Amino acid sequence: MDNRFGKAYRLLKTEDFSSVFAFKKQRSRSLIQVVQSDNNAFGHARLGLVVSKKAAKRANRRNFMKRVIRDWFRCNKHQLPARDYVVRVRVAFDADTVAEARQQLAELMLPRK
């Protein structure tokens, strides 16, 4: 199974982010908010990240949160429908609350059974 996170799986351009935000399909939990589009033309899920300085002032904390989210996406991308997702961190999480953040990602992004 291919568990890489190459450019094909990323939202890179401002237009990509804007098109996802335009759909206004969003779901939230205490730590994370996910905005998603309808089906995309690529045939696989793509991810965009927003971690603001308001959530965490220090760059190393923001990078940690992005790394956790990317790793979760990389391991679960085959279970996700072919949509574009933008994950926004609402409240900073650290090593103590990383399990809760991963659980919230699963609740917000994985299809309900």
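The first residue in the sequence is number 1, and the count goes up from there. This structure is a prediction, so every number in the text was calculated from the model and none was measured.
One hydrophobic cluster, built from ILVMFWY side chains closer than 4.5 Å, cannot hold both Val35 and Val89; they sit in different ones. Hydrophobic clustering (side-chain heavy atoms under 4.5 Å, transitive across Ile, Leu, Val, Met, Phe, Trp, Tyr) keeps Phe23 apart from Val86. Val50 and Val68 fall into different hydrophobic clusters, defined by Ile, Leu, Val, Met, Phe, Trp and Tyr side-chain heavy atoms under 4.5 Å apart, directly or through other members.
Between the side chain of Asp16 and the main chain of Val20, no donor-acceptor pair closer than 3.5 Å is present. A donor-acceptor contact shorter than 3.5 Å links the side chain of Arg27 to the backbone of Leu108. Looking at Lys77, its side chain does come within 3.5 Å of a backbone N or O of Arg4 through a donor-acceptor pair. In this structure, Gln104 contributes its side chain and Leu31 its backbone to a donor-acceptor pair below 3.5 Å. Side-chain atoms of Arg62 never come within 3.5 Å of backbone atoms of Lys53 as a donor-acceptor pair (strictly under, hydrogens ignored). Not one N or O on the side chain of Arg46 forms a donor-acceptor pair closer than 3.5 Å with the backbone of Leu11.
Judged purely by distance below 3.5 Å, without hydrogens or angles, the side chains of Asp94 and Thr97 pair a donor atom with an acceptor atom.
At a threshold of 4.5 Å between non-hydrogen side-chain atoms, the residues Asn3 and His78 count as touching. Ile32 is not listed as a side-chain neighbour of Arg90, based on a closest heavy-atom distance of 4.5 Å or more. For the pair Ser19/Ser37, no side-chain contact is recorded, criterion being any heavy-atom separation below 4.5 Å from C-beta on.
Closest heavy-atom contact between Ala55 and Ala92: O-CB, 3.2 Å.
Rounding to the nearest 0.5 Å gives a distance of 9.0 Å between CG of Asn60 and CE of Met65. The distance from the CZ atom of Phe93 to the CZ atom of Phe64 is 6.5 Å, given to the nearest 0.5 Å. Leu49 CG to Phe17 CZ: the interatomic distance, rounded to the nearest 0.5 Å, is 7.0 Å. Between the CG atom of Leu47 and the CD atom of Gln36 there is a distance of 12.0 Å, given to the nearest 0.5 Å. Rounded to the nearest 0.5 angstrom, Ile69 CD1 and Arg67 CZ are separated by 11.5 Å. In this structure, CG on Asn63 lies 12.0 Å from CZ on Arg61, to the nearest 0.5 angstrom.
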- Kindly determine whether Leu80 and Leu110 satisfy side chain to side chain contact (heavy atoms under 4.5 Å, CB included), including the steps that lead there. CA-CA 6 Å; Leu80 297 172; Leu110 289 176; 3.8 Å; yes

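Under the 30°/60° scheme for interplanar angles, the aromatic rings of Phe5 and Phe73 are found to stand perpendicular.
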